[in-house]
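Source: prediction; values computed, not measured.
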Amino acid sequence: MNGAVDQLLMRLRTEDAVLVRVESTQGSAPREAGTWMAVWADGLTATIGGGQLEFQATQEAREILAGTRSLDGVQRYPLGPSLGQCCGGVMFLTYRRIGAADAPALQKELVAQLEPVALFGGGHVGAALARLLAVLPFSVRWIDSRDGVFPDALPAQIDTEHSEPVQDAVAALAPGSRVLIMSFSHAEDLDIVIACLKRLRTRNDLPYIGLIGSKSKWATFRHRLEARGFTADELARVTCPIGVPGITGKEPEVIAVAVAAQLLQSLG
């Protein structure tokens, strides 16, 4: 499963596009600032939403590709009667022609605006989650203590890290990372949870810590963590079991969907 960034980079190898980006919005708007789409001579990658707005932006981008139009700076689009839309807000767009030479910088730029996730564990559920998160608005740091567990080819939104001991990777996670813990070993899981809770004490910058497992696993972990001096308020920062309630399937792909949905809820 390739996300929009991968689709853009792949096609950019052979043809130019115009990158249309939402710079800001006022009032009710179909998408938020940072949203983008790539306009090709005969197609689109991603979407800025908005129906008629997107149709007009696509036409203008194709005129830029054809060399018959130039749009510099930020363009203002009221989402009212003139566009036949009832949102009532305003969207501000920019247009930039891009080619193969822009690909490395674009990858960094577009991935950097995604929500960071740290995924500990390269097993079946971890692999299913990585594939799913790659088509959602997340960048993934995929971490394992074992060699040779990661696929050779990965989407642009995923970076891998071998860390031994695995919990040492917690200190270098990007601020604001949502952490998913599902290593091959309960002992590793516990060490990662401890490292995350210690980081919360000093930096308080991990908005979500999710631990795979049953209620009985969490009861055991909770007892051990209490013995190490962690308080009830600190332990309440850990979600276990993970995933939205009501999804009971145990297949890796089903678990991945439930967990990804919970991550999206956490963006609130």
Side-chain angles (χ1 to χ4, degrees), residues 1-25 29-62 64-65 71 74-75 77 91-119 126-142 150-160 174 176-178 180 253 256-257 259-268:
M1 297 172 69
N2 289 328
V5 176
D6 290 277
Q7 295 171 34
L8 168 64
L9 297 175
M10 189 176 302
R11 192 164 180 178
L12 206 57
R13 296 173 186 171
T14 57
E15 59 182 304
D16 287 1
V18 170
L19 188 72
V20 183
R21 185 193 293 274
V22 180
E23 292 297 315
S24 61
T25 65
R31 297 297 301 273
E32 65 283 352
T35 301
W36 60 271
M37 70 175 179
V39 180
W40 314 92
D42 62 351
L44 302 175
T45 298
T47 175
I48 60 169
Q52 183 62 26
L53 167 69
E54 182 168 288
F55 179 75
Q56 180 173 327
T58 299
Q59 286 185 313
E60 293 172 351
R62 288 195 174 129
I64 294 173
L65 275 177
L71 287 175
V74 180
Q75 309 299 312
Y77 296 85
M91 292 181 74
F92 297 85
L93 307 181
T94 57
Y95 296 77
R96 175 171 35 135
R97 185 171 183 136
I98 54 175
D102 301 301
L106 272 174
Q107 179 174 340
K108 292 181 180 179
E109 175 186 337
L110 297 178
V111 171
Q113 72 184 36
L114 301 171
E115 295 289 339
V117 170
L119 173 58
L129 254 171
R131 290 193 297 270
L132 180 55
L133 294 177
V135 297
L136 296 173
F138 297 106
S139 61
V140 181
R141 190 73 180 166
W142 196 6
F150 302 119
D152 292 331
L154 287 168
Q157 291 169 233
I158 300 178
D159 283 323
T160 60
S177 291
R178 286 161 171 79
L180 296 169
E253 293 77 14
V257 168
V259 174
Q262 191 169 64
L263 282 183
L264 290 169
Q265 287 178 334
S266 77
L267 298 179

So OG1 of T94 and CG of L71: to nearest 0.5 Å the spacing works out to 10.5 Å
### Task
Examine the side chains of Q52 and Q56 and answer whether a donor and an acceptor come within less than 3.5 Å of each other.
no
Shortest non-hydrogen pair, A38 vs L8, comes out as CB-CD1, 3.6 Å
When rounded to the nearest 0.5 Å, the distance separating CG of L180 from CD of Q262 is 9.0 Å
By ring-ring contact (aromatic ring centres under 6.0 Å, His included), W36 pairs with (sequence neighbours left out) none
Scanning both residues in full, the closest heavy-atom pair of V20 with A61 reads CG2-CB, 4.1 Å
### Query
Are E115 and V117 close enough that some pair of their side-chain heavy atoms sits under 4.5 Å apart?
no
Keeping the roles fixed (side chain from R178, backbone from P116), state whether a donor-acceptor pair exists under 3.5 Å.
no
query: Checking side chain to side chain contact (heavy atoms under 4.5 Å, CB included) for the pair R21/L110: CA distance, chi angles, key distance, verdict?
result: CA-CA 11 Å; R21 185 193 293 274; L110 297 178; 3.8 Å; yes
Tightest non-hydrogen contact, residues S139 and L114, listed as N-CB, 3.6 Å
What's the verdict on side chain to side chain contact (heavy atoms under 4.5 Å, CB included) for L263 and L133, showing C-alpha distance, side-chain angles and the deciding distance? CA-CA 10 Å; L263 282 183; L133 294 177; 3.9 Å; yes
Taken to the nearest 0.5 Å, the spacing of I64 CD1 from R97 CZ works out to 9.0 Å
Nearest heavy-atom approach of A134 to I158 is CB-CD1, 4.2 Å
Query raised in the report: Under 4.5 Å between any side-chain heavy atoms of M91 and T35, yes or no?
Result: no
**Prompt:** Is a donor on one side and an acceptor on the other found under 3.5 Å between the side chain of Q7 and the backbone of T45?
**Reply:** no
- Item | Any donor-acceptor N/O pair, E23 side chain to Q75 backbone, under 3.5 Å | no
The reported gap from CG in L264 to CG in L136 (rounded to nearest 0.5 angstrom) is 5.5 Å
So CG of L129 and CZ of F138: to nearest 0.5 Å the spacing works out to 10.0 Å
Residues L12 and W40: closest non-hydrogen pair is N-CH2, 3.7 Å
OG1 of T25 to OH of Y77, rounded to nearest 0.5 Å, is 15.0 Å
- Query: Is a side-chain N or O of R13 found less than 3.5 angstrom from the main chain of A100, in a donor-acceptor match?
  - Reply: no
task: Verify side chain to side chain contact (heavy atoms under 4.5 Å, CB included) between T47 and E54, making sure each step is shown before the conclusion.
output: CA-CA 8 Å; T47 175; E54 182 168 288; 2.5 Å; yes
Report task. For side chain to side chain contact (heavy atoms under 4.5 Å, CB included), just list the numbers for L106 and R96, CA-CA rounded to whole Å, side-chain angles, deciding distance to a tenth of an Å, and then say yes or no. Result -> CA-CA 11 Å; L106 272 174; R96 175 171 35 135; 4.1 Å; yes
Those residues at least two apart in sequence (or on a different chain) that pass salt bridge (Lys or Arg N to Asp or Glu O under 4.0 Å) with E253 are R131
Evaluate the side-chain proximity of L93 to V22: yes if any heavy-atom separation is below 4.5 Å, no if none is.
yes
TODO: Consider only side-chain N and O atoms of S177 and R141, and report whether a donor and an acceptor are under 3.5 Å apart.
DONE: no
Closest heavy-atom pair, L132 versus A256, reported as atoms and distance to 0.1 Å, is CD2-O, 3.5 Å
